Amino acid sequence: MQQFSPSDLGKWEEHYRQLFDGEKHSLSEAGTWALADKPGLVAIFDGDEPVFVLGTRTIAKTLQSFHKPGSVNEFRSLVAIVECGLSPKNIEKKYKNGRTGQRVDTTVASYTYAICPASAGLLDTLSAAFTAVADPRFNGPTAQSNLAIDALPK
């Protein structure tokens with residue numbers, strides 16, 4: 001059940017629609033090579049489901065770091081934990097190289113993305129609002145709560 005509607009975002013509804021209902025591209029080198037380093041919002045999708053939302057000052061570099069083998073960043077770490085079932089302890093060392101890294105690379109390559117321009121001053125605020133509205137699988141409020149519960153000592 002969706003708690004919010006796009007109209008709850010007021011004048012930012014058009015940005016929301018562009019990001020979540022707009023054109024999607026492959027999260028691969030072929031799908032990101034022509035992007036410029038401009039500020040904006042990025043939504044990563046698994047099919048039609050948003051799985052990760054963020055604001056970035058350099059869209060091209062951010063997306064290229066997501067699909068670059070051996071790259072270490074928040075998105076790839078969440079993919080390793082949530083999709084590949086790796087333990088969060090020392091996660092960056094585990095998926096940087098080898099078979100585990102290949103599993104993360106393969107999973108990331110199956111995703112698509114959409115972008116929306118936004119001013120650099122509003123990136124964090126819009127990103128947080130769109131994450132709350134979309135509740136993405138990796139960085140939404142529900143996902144963060146589940147990760148916190150899973151991290152509790154047994």
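Everything numeric in this text was worked out from a predicted model, so none of it was measured.
Atom OG1 of Thr112 and atom CD of Glu23 lie 11.0 Å apart (nearest 0.5 Å). The OG1 atom of Thr131 sits 8.0 Å away from atom CG of Leu54, with the distance rounded to the nearest 0.5 Å. Interatomic distance, CH2 of Trp12 versus CZ of Phe130, reported as 8.0 Å (0.5 Å rounding). Atom OG of Ser119 is separated from atom NZ of Lys38 by 13.5 Å, given to the nearest 0.5 angstrom. For the atom pair CD1 of Ile115 and CD1 of Ile59, the computed distance is 4.5 Å after rounding to the nearest 0.5 Å.
Lys61 is linked by a side-chain contact (heavy atoms from CB on, under 4.5 Å) to Asp37, Thr58, counting only residues two or more places apart in sequence or in another chain. Partners of Glu49 according to the salt bridge (Lys or Arg N to Asp or Glu O under 4.0 Å) rule, which considers only residues two or more places apart in sequence or in another chain, are Arg137. Taking Val82 as the reference, Phe138 meet the side-chain contact (heavy atoms from CB on, under 4.5 Å) condition, with sequence neighbours excluded. Listed by chain and number, the residues in a side chain to side chain donor-acceptor pair (under 3.5 Å) with Thr100 amount to none (sequence neighbours excluded). In terms of the side-chain contact (heavy atoms from CB on, under 4.5 Å) criterion, Ala143 has no residue partners (sequence neighbours excluded). Listed by chain and residue number, nothing satisfies the side chain to side chain donor-acceptor pair (under 3.5 Å) test with Ser127 (two or more places apart in sequence, or in another chain). In this structure Asp21 satisfies the salt bridge (Lys or Arg N to Asp or Glu O under 4.0 Å) test together with Arg17, sequence neighbours excluded. Legend: residues meeting side chain to side chain donor-acceptor pair (under 3.5 Å) with Ser65, ordered by chain and number and at least two apart, are Asn73. Shown here are the ring pair (Phe, Tyr, Trp, His ring centres under 6.0 Å) partners of His67, two or more places apart in sequence or in another chain: there are none. Under the salt bridge (Lys or Arg N to Asp or Glu O under 4.0 Å) criterion, Asp105 pairs with Arg76, not counting sequence neighbours. The side chain to side chain donor-acceptor pair (under 3.5 Å) check on Ser28 picks up Ser26, with sequence neighbours excluded. Scanning for side-chain contact (heavy atoms from CB on, under 4.5 Å) contacts around Gln144 gives Asn139, Leu147, with sequence neighbours left out.
Open room surrounds NZ on Lys68; 12 or fewer heavy atoms of other groups in view lie less than 6.0 Å from it.
Ring geometry for Phe52 versus Phe75: interplanar angle of 30 to 60°, hence tilted. The aromatic rings of Tyr113 and His25 lie tilted to each other, with the angle between the two planes from 30° to 60°.
Closest approach of Cys116 to Gln18, counting heavy atoms only: SG-OE1, 3.7 Å. Nearest approach of Leu123 to Gly40, heavy atoms of both residues: CD2-O, 3.3 Å. Nearest heavy-atom pair across Leu126 and Ala118 is CD1-CB, 4.0 Å.
The shortest side-chain heavy-atom distance between Leu41 and Val53 does not fall under the 4.5 Å cut-off. The side-chain heavy atoms of Val79 and Phe66, taken from C-beta on, include no pair separated by under 4.5 Å.
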(request) Might you work through the side-chain contact (heavy atoms from CB on, under 4.5 Å) test for Leu63 and Ile44, ending with a clear yes or no? (result) CA-CA 10 Å; Leu63 287 172; Ile44 307 294; 4.0 Å; yes

